[in-house]
Protein chains: 2
Amino acid sequence: MRSTRTAPRGARPTSKDVARAAGVSQATVSLVLGGKWQGRVAERTAVSVREAAQALGYRPNLAARNLRLGGTRTALLVVPALTNEFFGGVYTGAARVAAEHGFGVVLYPSPEGIGPARDPFDSARATLDGVIASSMAAEAVEALRGPAGGGALPLVMLDSAPLPDAGELTAAVNHDVADGMRQVVEHLLSLGHRRITHVAAAVDSWTFRVREDAFAAAMGAVPGTHAASEPAALTVMGGQAAAERALTRPGPRATALVCDDDILAAGACKAARRLGLSVPGDVSVTGFDDLSLATALDPELTTVRLPAQELGARGMSALLALLEARPLDEPRLPVHLVSRGSTAPPSAPAPPD
Amino acid sequence: MRSTRTAPRGARPTSKDVARAAGVSQATVSLVLGGKWQGRVAERTAVSVREAAQALGYRPNLAARNLRLGGTRTALLVVPALTNEFFGGVYTGAARVAAEHGFGVVLYPSPEGIGPARDPFDSARATLDGVIASSMAAEAVEALRGPAGGGALPLVMLDSAPLPDAGELTAAVNHDVADGMRQVVEHLLSLGHRRITHVAAAVDSWTFRVREDAFAAAMGAVPGTHAASEPAALTVMGGQAAAERALTRPGPRATALVCDDDILAAGACKAARRLGLSVPGDVSVTGFDDLSLATALDPELTTVRLPAQELGARGMSALLALLEARPLDEPRLPVHLVSRGSTAPPSAPAPPD
DNA sequence: CTGTTAGCGCTTTCAC
DNA sequence: GTGAAAGCGCTAACAG
């Protein structure tokens, strides 16, 4: 019973301690614990090594392993904010795929929102094998890769404009938000709406520019429709203020409000109700994202579901493909409309132009 | 111009490469870049080292640094889910304090919710200096520290029951949720409510047990009041179902619903409205947390604001204190009621007992 | 003031 | 089938 001698009591046991306890060499321990002992180490030896490791509560020192291996099997996921459950989904999806390949994911919520991000190497405190950036501005992400000269990291952009100087080490995966917007407009048109205002998030990012364009295109394609746009800060209050402006504007009132985000839609519903208008009786409202907020509201929101987990999963797959120099699969994810209580036919037929 | 020889083109430059480029030794590079060269290295030399590092795009290899230093200046923050913006606040607060002390924070969303967590060492892929666990069950967190024998990590529990076997390496920081619940009940009582139902989250965790007890105590202290309790799954639908049960129960109806969470309160509002009851005209509703959801609803929610960032910040401070063997400050954070539109005096005076 | 040296804990040839 | 030894990139003693 001299096993107390194996480690200087209180310190973390090392593989050397395990080796001593099991009466073998450090190399054998590494082989066994690394699972590469097929036909190199005797079964009996392997068992005793595992027992010793167990008894000592041995955990490999990852810093040492990473140093030796020259990689960390870790990806950094950069997101603009944690206040939105959408990014929780992205993380979950990415982490799942990563785990299947023995990778880990470290989350880095950029302190600057979607703007320029601080150096993640100072924050994540790990050496990284690659970066996944979700819903970030292209410029913001440039800094993340480090000076382009000295070993730039593989980068996957999610829900963003493709990088201007996309090299071989870059990939992009996006939701088909343009199609989502098209589905919203078609839904509203088929309900009979002709006068529709787009409550547009006043945020300069790819995803919102695409929504703007898709809205204009879908409305423009149908004669006899009236499209308008109202910018809104990306908050409940911002949506409320914008919807109020849209609904009190002189001239015939819009019968439907298409909002760039569920948050904005929540504000729009409040505005409508405060103006004595009922949703969806007097005005229909749609959102985007399908966060849990969409069903917390009353009436529940008709909205476009963006599969966040799927996006994260595909992002991680793309990063793995990049690392292994494999070809990438189709980077556009289909989305679909979820029809709920906040949309209905307009109360009166739209007046002829 | 033979500077191209400094690194084997394509590979990450090391401190050795920088040393060669600057014509000094590796040690000097380390000193200069580590900021510890005061009076040890000549100004001229320091400048040329920095220039060389810049030119090569040199980044220190963190794995090597960590290995050498035996620590990573990194804390792991374990949270039950990313779907709740509360934890975003906790992270932000913790990260801010960490940064002020040269620490980083890595987020680990436990895949099992508040239940037992998987080994974070396999996921975060970093060696860690300590763990902060927010709103996790005590048992769930035990596994995180690794086998208690082999070098247990310092641990700070946030928003949780104190650990049974709290050693010197453990601390706890909590919101004063009991006081928050007391404030809710007092608010309702002073409005004239006497028949109040607690819509209680059916989750076995410290924070909800405290709310239950505080509600019962606050109601029990005032004669002539009627307290009831209705368990609810922690979702909008769960809250809706529970509120519906509470409001359709035979006998005099409760005039106020005290919900354990804003999510539950959202469901309660839906239930009331579906029963033809107005909020707050016929029934008052309160929440807990003050998430952005609270102001997205209409009417806005009277709720208890829990300062999440402050909690995270204090948690990180506590961890730092633990690491430096310093004494800890008061671990209970004050909370306060935010009165909004979802509460009002009951429409008819409560019937005498 | 600057260089040499040792070693953090691990994996991986290469001998035996 | 197992052990000895080298070395990943960095920092901190200690010499010069």
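To find a chain, count down the sequence lines: A is the first, B the second, and so on, and within it residues start at 1. Keep in mind that the numbers below use all heavy atoms, side chains included, and drop hydrogens, waters and symmetry copies.
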Task: Nucleotide-resolved protein contact map, nucleotides 7-16 of chain D, B/S/- at heavy-atom distance under 4.0 Å - done: BBBBBB----

TODO: State, to the nearest 10°, the angle formed by the axis through the first five base pairs of the helix from C:dC1-D:dG16 to C:dC16-D:dG1 and the axis through its last five.
DONE: 50°

Task: Residues forming a salt bridge (Lys or Arg N to Asp or Glu O under 4.0 Å) with A:R96, sequence neighbours excluded - done: none

TODO: Only counting residues at least two apart or in another chain, list the ones meeting salt bridge (Lys or Arg N to Asp or Glu O under 4.0 Å) with A:E310.
DONE: A:R314

Enumerate, atom names and distances included, each donor-acceptor pair closer than 3.5 Å involving a side-chain atom of residues 22-30 of chain B, sequence neighbours excluded.
from: B:S25; atom 1: OG; to: B:A27; atom 2: N; distance (Å): 3.3
from: B:S25; atom 1: OG; to: B:T28; atom 2: N; distance (Å): 3.4
from: B:S25; atom 1: OG; to: B:T28; atom 2: OG1; distance (Å): 3.4
from: B:Q26; atom 1: OE1; to: B:S15; atom 2: OG; distance (Å): 3.2

TODO: For DNA chain C, note the earliest and the latest nucleotide, 5' to 3', having some atom under 4.0 Å of a heavy atom belonging to chain B.
DONE: C:dC1 to C:dG9

TODO: Can you sort out the partners of A:S134 under side-chain hydrogen bond (donor to acceptor under 3.5 Å, both in side chains), two or more places apart, ordered by chain and number?
DONE: none

TODO: Determine which pairs satisfy salt bridge (Lys or Arg N to Asp or Glu O under 4.0 Å) with at least one residue from residues 97-106 of chain B, sequence neighbours left out, and list them in order.
DONE: none

Open item on the list: My understanding is that only residues two or more places apart in sequence, or in another chain, count here; which of them pass salt bridge (Lys or Arg N to Asp or Glu O under 4.0 Å) with B:E43?
Closed with: none

- [ ] Just jot down the side-chain hydrogen bond (donor to acceptor under 3.5 Å, both in side chains) partners of A:R40, sequence neighbours excluded, or say none.
- [x] none

Task: Partners passing side-chain hydrogen bond (donor to acceptor under 3.5 Å, both in side chains) against B:N84 (at least two apart in sequence or in another chain) - done: none

Open item on the list: By the salt bridge (Lys or Arg N to Asp or Glu O under 4.0 Å) test, which pairs, at least two apart or in different chains, include something from residues 26-37 of chain A?
Closed with: none

Open item on the list: Is it true that B:N66 and B:T72 share a donor-acceptor pair across their side chains at a distance under 3.5 Å?
Closed with: no

